[in-house]
Amino acid sequence: MHVLILGGTTEARRVAELLHGTPGLTLTSSLAGRVASPRLPPGEVRIGGFGGAQGLAAWLREHRVDVLIDATHPFAGTISFHAARAAATAHVPLLALRRPGWVPVAGDDWHDAGSLEEAARLLPALGRRVFLTTGRMGLAAFAALDDLWFLVRSVDAPEAPHPSRMEVLLDRGPFTLDGERELLRRHRIDVVVTKDSGGAATAPKLTAAREAALPVLVIRRPPAPEGVPVVPGPEEAARWIGEWSHGRGFPATG
């Protein structure tokens, strides 16, 4: 059985680790190639796009893929729709691994935004020293905010356009609560901007912001394809594959 995993996320790597070495299973992980030095999962790895839904469907057929797992980032919305169309075209079962989104708790001061552009419009009313954790690809949305200062954290260095008053912190999660507390204090941050990525690796910034009574501007997730079986974590995905491979049909995903 050949399983193709889409995504360079922590969850995608964990699924690959759980499935690697399973007798009779060929495993391929596909990474988009947006990070210069990605953490590679076990098994075969391919890097780069497929050329849209039709290209992915052709790849599924050519390489005789039996199951497709969409474990991409919650904000990589386009590839999820491509995966759904490709799986339907190639008649390959598709499972989506989508980590649950964050939920505010007592003491949080969260503000909702539907896009990076909306976040940029709301930001000046919330603070002047911004901890921006939305990744390097969307900085153009904030480039015109010359009156604000930004601390930008990303895995790779961002390219222009970006805010003129900006310090870049090259780092990769998981992050600790003590580290996030010190970061907010040292840089005198008064507002945090984040995507609702979910997961534990980058969640400590939310706790640190709550403790410091800072507003957090949270960007909502884009829509995802409907009608696709969904599991919340790598263990559930690996179990789903195991049950499917043993001829039990398509397991319930809840």
Side-chain angles (χ1 to χ4, degrees), residues 7-10 13 31-39 72-77 99 101-102 104 107-222:
T9 59
T10 300
R13 288 192 299 274
L31 283 60
R34 293 181 178 178
V35 176
S37 300
R39 294 174 177 169
T72 55
H73 192 276
F75 281 80
R99 66 180 81 147
W102 290 317
D108 281 326
D109 180 17
W110 287 14
H111 301 259
D112 185 69
S115 65
L116 292 169
E117 290 73 21
E118 183 179 1
R121 291 194 297 270
L122 297 173
L123 190 52
L126 296 175
R128 315 303 293 176
R129 296 184 64 83
V130 185
F131 182 28
L132 186 60
T133 66
T134 56
R136 65 186 177 91
M137 304 300 291
L139 295 186
F142 304 91
L145 300 179
D146 294 330
D147 293 336
L148 308 187
W149 180 88
F150 291 84
L151 176 65
V152 174
R153 182 164 67 192
S154 66
V155 176
D156 294 320
E159 299 178 356
H162 54 64
S164 58
R165 302 176 63 207
M166 178 183 75
E167 180 176 332
V168 177
L169 176 61
L170 298 181
D171 205 353
R172 189 199 307 255
F175 303 106
T176 66
L177 179 55
D178 285 344
E180 299 295 65
R181 287 169 175 155
E182 173 60 19
L183 184 148
L184 296 181
R185 185 200 63 79
R186 184 171 71 251
H187 294 279
R188 295 179 289 115
I189 299 298
D190 58 16
V191 60
V192 177
V193 182
T194 182
K195 294 176 178 177
D196 180 17
S197 299
T202 60
K205 65 189 171 191
L206 302 175
T207 303
R210 183 189 318 126
E211 292 177 349
L214 300 182
V216 179
L217 191 49
V218 181
I219 301 167
R220 295 192 303 270
R221 294 182 176 188

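- The side-chain heavy atoms of L148 and V191, taken from C-beta on, include no pair separated by under 4.5 Å.
- Taking D190 as the reference, nothing meets the salt bridge (Lys or Arg N to Asp or Glu O under 4.0 Å) condition, with sequence neighbours excluded.
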**OP:** Apply side-chain contact (heavy atoms from CB on, under 4.5 Å) to the pair V216 and D108, showing each step before the final yes or no.
**Re:** CA-CA 8 Å; V216 179; D108 281 326; 6.0 Å; no
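- Annotation: the span from L145 atom CG to R128 atom CZ amounts to 9.0 Å, rounded to 0.5 Å.
- The side-chain contact (heavy atoms from CB on, under 4.5 Å) test applied to A119 returns A113, F142, L217, I219, not counting sequence neighbours.
- Sorted by first and then second residue, the side chain to side chain donor-acceptor pair (under 3.5 Å) pairs with a member in residues 139-150 read D146-S164; sequence neighbours excluded.
- Applying the side-chain hydrogen bond (donor to acceptor under 3.5 Å, both in side chains) criterion to R220, with sequence neighbours excluded, gives D112.
- In this structure the side chain of T207 never reaches within 4.5 angstrom of the side chain of E180, judged on heavy atoms.
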Original post:
What's the verdict on side-chain contact (heavy atoms from CB on, under 4.5 Å) for V193 and L126, showing C-alpha distance, side-chain angles and the deciding distance?
Top reply: CA-CA 10 Å; V193 182; L126 296 175; over 6 Å; no
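- Across all non-hydrogen atoms, the minimal contact from L183 to L151 is CD2-CD2, 3.5 Å.
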**OP:** Would you please test R99 and T9 for side-chain contact (heavy atoms from CB on, under 4.5 Å) and show each step?
**Re:** CA-CA 10 Å; R99 66 180 81 147; T9 59; 3.8 Å; yes
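- Residues satisfying the side-chain hydrogen bond (donor to acceptor under 3.5 Å, both in side chains) criterion with D109, sequence neighbours excluded, are H111.
- Side chain of R136 to main chain of E159: no donor-acceptor pair is present (N/O by atom type, distance under 3.5 Å, no hydrogens or angles).
- Listed by chain and residue number, F131, R153, T194, K205 satisfy the side-chain contact (heavy atoms from CB on, under 4.5 Å) test with T133 (two or more places apart in sequence, or in another chain).
- Under the side-chain hydrogen bond (donor to acceptor under 3.5 Å, both in side chains) criterion, R185 pairs with E182, not counting sequence neighbours.
- Scanning both residues, L139 and P158, for their nearest heavy atoms gives CD1-CB, 3.3 Å.
- Qualifying salt bridge (Lys or Arg N to Asp or Glu O under 4.0 Å) partners for R188, counting only residues two or more places apart in sequence or in other chains: none.
- For P222, the side-chain contact (heavy atoms from CB on, under 4.5 Å) test picks out F75, with sequence neighbours left out.
- Contacts of R181 classified as side-chain contact (heavy atoms from CB on, under 4.5 Å), with partners at least two apart in sequence or in another chain: L177, D178, A208, E211.
- Side chain of D196 to backbone of V218: no donor-acceptor contact under 3.5 angstrom is found.
- Shortest non-hydrogen contact noted between A141 and L116 is CB-CB, 3.8 Å.
- In this structure, the side chains of H187 and L169 stay at 4.5 Å or more apart for every pair of heavy atoms.
- Summarising the geometry of P74 relative to S197, their closest heavy-atom pair is CG-O, 3.5 Å, with the distance given to 0.1 Å.
- Atom CZ of R221 sits about 8.0 Å away from atom NE2 of H73, to the nearest 0.5 Å.
- Side chain of R165 to backbone of F150: no donor-acceptor contact under 3.5 angstrom is found.
- Not a single side-chain hydrogen bond (donor to acceptor under 3.5 Å, both in side chains) links S154 to another residue, sequence neighbours left out.
- With values rounded to the nearest 0.5 angstrom, L132 atom CG is found 9.5 Å from M166 atom CE.
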